[in-house]
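Structure record follows, encoded as structure tokens.
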Amino acid sequence: MSEIVRTRYAPSPTGDPHVGNIRTALFAWALARATGGKFLLRIEDTDRNRLVPGSVDTIFESLRWLGIEWDEGPDVGGPHAPYVQSERLPLYRQAADDLIARGRAYRCFCTAERLDQMRAAQAAAKQPPGYDGHCREIPHAVSAERAASEPHTIRFKMRREGVTVLDDLIRGRVTFENALQDDFVALKSDGYPTYHLALIVDDTAMQITHAIRGEEWISSAPKHLQLYEALGLEPTKFAHLPLIMGPDHKKLSKRTGDTALLDYRKNGYLPEAMINFLALLGWSLDATTSIVSVDDLTRSFSLERVVPNPAVFDIDRLNFLNGHYIRQIAPHAWVSTVTRWAERTAPDDVARPLDPAMLAKAAPLLQERVARLDEIGPQAAFLFGYEAPEYEPTALVEKIGGPLNGALPILDAALAALDALPGEGWTKDAIEAAIRGMEATLGQKLRKFVSVLYVAAEGKPTGLPLFDSLELLGRERSLQRLRTARAKAEHAA
RNA sequence: GGCGCGUUCGUCUAGUGGCCCAGGACGCCGCCCUUUCAAGGCGGAGAUCAGGGGUUCGAAUCCCCUACGCGCUACCA
């Protein structure tokens, strides 16, 4: 019989989920979806010192943004509820007691101070760090008695002979020397379990089949394997995903840029792009596909196609994908996206509310020009003021070169040509014809002199197409901006 | 330091003994299109497959060694 795949994402509520964690969630979710299995969400809040209020909501929000939905979890419940570890304490206690009863764990009364001294001594003597087994041989009766009055942890007795073998789904067989292991804390003195114990208890209770996690966990795999064995439980399969690294080839961190997933939403990235990007950080559909939809991922994902080597987070690639998906957005939906983002990201001196008709007309022009949604406001801003955004007079000749007064004949010709257009004839085509007519009067190709008009109209030599822009601006504002440019050129020259 | 993982164009990757003097994508460069910028189309440069030994008729693909990178080494996850 083939088992039903059950995977989980088990974050700690210690802050905003980072892209690395979310990539892990994405893969776990994709595996469940691709195999017709279940994906669950479990909150691992066993470290009371590091709890950050609001984290759980941010975790929900992050997953939802990408469309990663869970079949069981803290909010939706499920057959193995609760899905929050702090609400499952009796289970861990029971497992810890069971371990003691089986002779595989013992109470440890060592204080933090003694542990620090021990480590310092080991470091000084160039010994490998690790618990020295100080409390391992305390007679059970003594231990039980002291437990009533002394704070203590429960340590797991690692087997010290032989090897522990992990058959990793991504890396193959990994062997660990047991002699190098030490007895780790399974239940802390505050009664909360450590990650190690909680993992085994919950993955077993929740019938998880595949533990998918980052490579930073591979070193503690022997602890988990031995814990399963000591408790007489069948271990899950393990898949250790490669790490995601920053441009500096170090594990991605705040230092190297944005890492919180939701920062990408704030910065104008699309969830489709994020998923596509993250999916390809370690996994591939085939030899040539680089555009991967959510459907492709949830239909075709497999751990066999996950590589073991770490991947550098390449923002250029993300930007490319984001631009690609932006261009896929249907016209109507794009208009509302443009409206939302223009309101949010246009410069503060641009009056609100923005003109909806203007936005609707500018939308298609923007669609093929932005890679991120937060570029919409700045790019469209020039459409909403009476005058063009502030610019230095020299910008007028930035592209054509030469002295500032070289802009004068161009502006004069434009003024003459456009002023001749009647208000009702102020259309893109008529504007284009008028400006192209300047080629004859100036004896210059259009491309040689348009940049001056771009600056006059938009405040910079590049931007939305000139003829469309002038039409949108209307006759009055267009002519005014040309006059302003002329004045600037004249006075500064 | 110890242990573990990893190592194919700058980056993400394809590749599981001959189809590879290594394919795709991003980025970069050039051309085309063109009112700027983009988008799009076409083309180009770019990897002696980390290095060295083997195994084999034949290796990016198998084995060993070395180097380098990263991760872990808590009553954190």
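Each chain gets a letter, A, B and so on, in the order its sequence line appears, and its residues count up from 1. Note that the structure is a prediction, hence the values are computed from the model and not measured.
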If you measure from the [atom1] atom in [N] to the same atom in [M], how many Å do you get, rounded?
N     : M     : atom1 : answer
B:G15 : B:U8  : P     : 14 Å
B:A14 : B:C20 : C1'   : 11 Å
B:U73 : B:A59 : P     : 42 Å
B:A47 : B:A22 : C1'   : 8 Å
B:U61 : B:G23 : C1'   : 15 Å
B:U56 : B:G18 : C1'   : 12 Å
B:C33 : B:G51 : C1'   : 48 Å
B:C76 : B:U13 : P     : 33 Å

Would you mind pulling out the nucleotide paired to [N], Watson-Crick or G-U wobble, both distances under 3.5 Å?
N     : value
B:U61 : none
B:C19 : none
B:G27 : none
B:C72 : B:G2
B:A67 : B:U7

Handout entry: Listed partners of A:N276 passing side chain to side chain donor-acceptor pair (under 3.5 Å), at least two apart
Key =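 For A:N276, the residues satisfying side chain to side chain donor-acceptor pair (under 3.5 Å) (neighbours in sequence not counted) are A:Y325.
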Exercise for the section: Go through the N and O atoms of the side chain of A:R171 and the base of B:C5, and report whether any donor-acceptor pair is under 3.5 Å. Expected result: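 No pair found.
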Exercise for the section: Test for a donor-acceptor pair under 3.5 Å between the base of B:A77 and the side chain of A:R50, counting only N and O atoms. Expected result: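 No such pair is found, so the answer is no.
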I'd like to know if the side chain of [X] and the backbone of [Y] have a donor-acceptor N/O pair within less than 3.5 Å.
X      : Y      : answer
A:S478 : A:G474 : yes
A:R93  : A:L89  : no
A:Q367 : A:I329 : yes
A:W217 : A:H240 : no
A:K460 : A:T462 : yes
A:R88  : A:D202 : no

Taking the minimum atom-to-atom distance to the side chain of [X], which one of [options] wins?
X      : options             : answer
A:R305 : B:G24, B:A77, B:A14 : B:A14
A:S12  : B:C12, B:C5, B:A77  : B:A77
A:L180 : B:G2, B:U11, B:U36  : B:G2
A:D314 : B:U11, B:C37, B:A14 : B:U11
A:R369 : B:G6, B:U13, B:C37  : B:C37
A:M245 : B:A77, B:C70, B:C75 : B:C70
A:E216 : B:G71, B:C37, B:G4  : B:G71
A:R327 : B:G40, B:G1, B:C75  : B:G40

Between [X] and [N], is there a contact of a side-chain N or O with OP1 or OP2 at under 4.0 Å?
X      : N     : value
A:R447 : B:U36 : yes
A:T46  : B:A77 : yes
A:K126 : B:G1  : no
A:K188 : B:C76 : yes
A:R119 : B:C75 : yes

Looking for any heavy atom pair under 4.0 Å, which part of the strands does [X] touch: base, sugar-phosphate only, or nothing?
X      : result
A:F320 : sugar-phosphate
A:W217 : base
A:V307 : sugar-phosphate
A:G282 : sugar-phosphate
A:C110 : base
A:S284 : sugar-phosphate
A:P310 : sugar-phosphate
A:S189 : base
A:K399 : sugar-phosphate
A:T288 : sugar-phosphate

Problem - Close residues, residues 271-281 of chain A, relative to RNA chain B [heavy-atom separation under 4.0 Å] - result: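 Those residues whose heavy atoms fall under 4.0 Å from RNA chain B, taken from residues 271-281 of chain A in numerical order, are A:L280, A:L281.
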Problem - Sorted by number, the residues of residues 84-95 of chain A with heavy-atom contact under 4.0 Å to RNA chain B - result: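 Result for residues 84-95 of chain A: none.
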Handout entry: Aromatic A:Y131 / basic A:R155 pairing, under 6.0 angstrom, 45° off normal
Key =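 Judged by the rule (NZ or CZ under 6.0 Å from the ring centre, within 45° of its axis), A:R155 counts as positioned above A:Y131.
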Practice task
Take A:R155 and A:S290, find for each the nucleotide of RNA chain B with the closest heavy atom, and name the residue whose nucleotide sits nearer the 5' end.
Solution key: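 Looking at RNA chain B, the more 5' nearest nucleotide goes with A:S290.
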Problem - With A:D183, the salt bridge (charged side-chain N to carboxylate O under 4.0 Å, His left out) member among A:R104, A:R136, A:K157 - result: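 The single option meeting the salt bridge (charged side-chain N to carboxylate O under 4.0 Å, His left out) with A:D183 is A:R136.
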Exercise for the section: Supply the atom-to-atom distance A:S290 OG to A:F320 CZ, rounded to the nearest 0.5 angstrom. Expected result: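 Reported value, rounded in 0.5 Å steps: 6.0 Å.
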Problem - A:F27/A:W283 aromatic ring centres below 6.0 Å - result: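 Distance test on ring centres: not under 6.0 Å, no.
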Practice task
Run the ring-centre check on A:Y195 versus A:H224 and record whether the distance is less than 6.0 Å.
Solution key: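 Ring-ring flag for A:Y195/A:H224: true, centres closer than 6.0 Å.
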Exercise for the section: Quickly work out the A:L197 CG to B:A74 C1' distance and round it to whole Å. Expected result: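 A:L197 atom CG is separated from B:A74 atom C1' by 16 Å.
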Handout entry: Electrostatic pair A:E215-A:R171, nearest N-O below 4.0 angstrom
Key =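 So A:E215 pairs with A:R171 through a salt bridge.
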Handout entry: Centroid distance under 5.5 Å and plane angle under 30°, A:Y454 vs B:U36
Key =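 Here the ring of A:Y454 and the base of B:U36 are stacked, with centres under 5.5 Å and planes under 30°.
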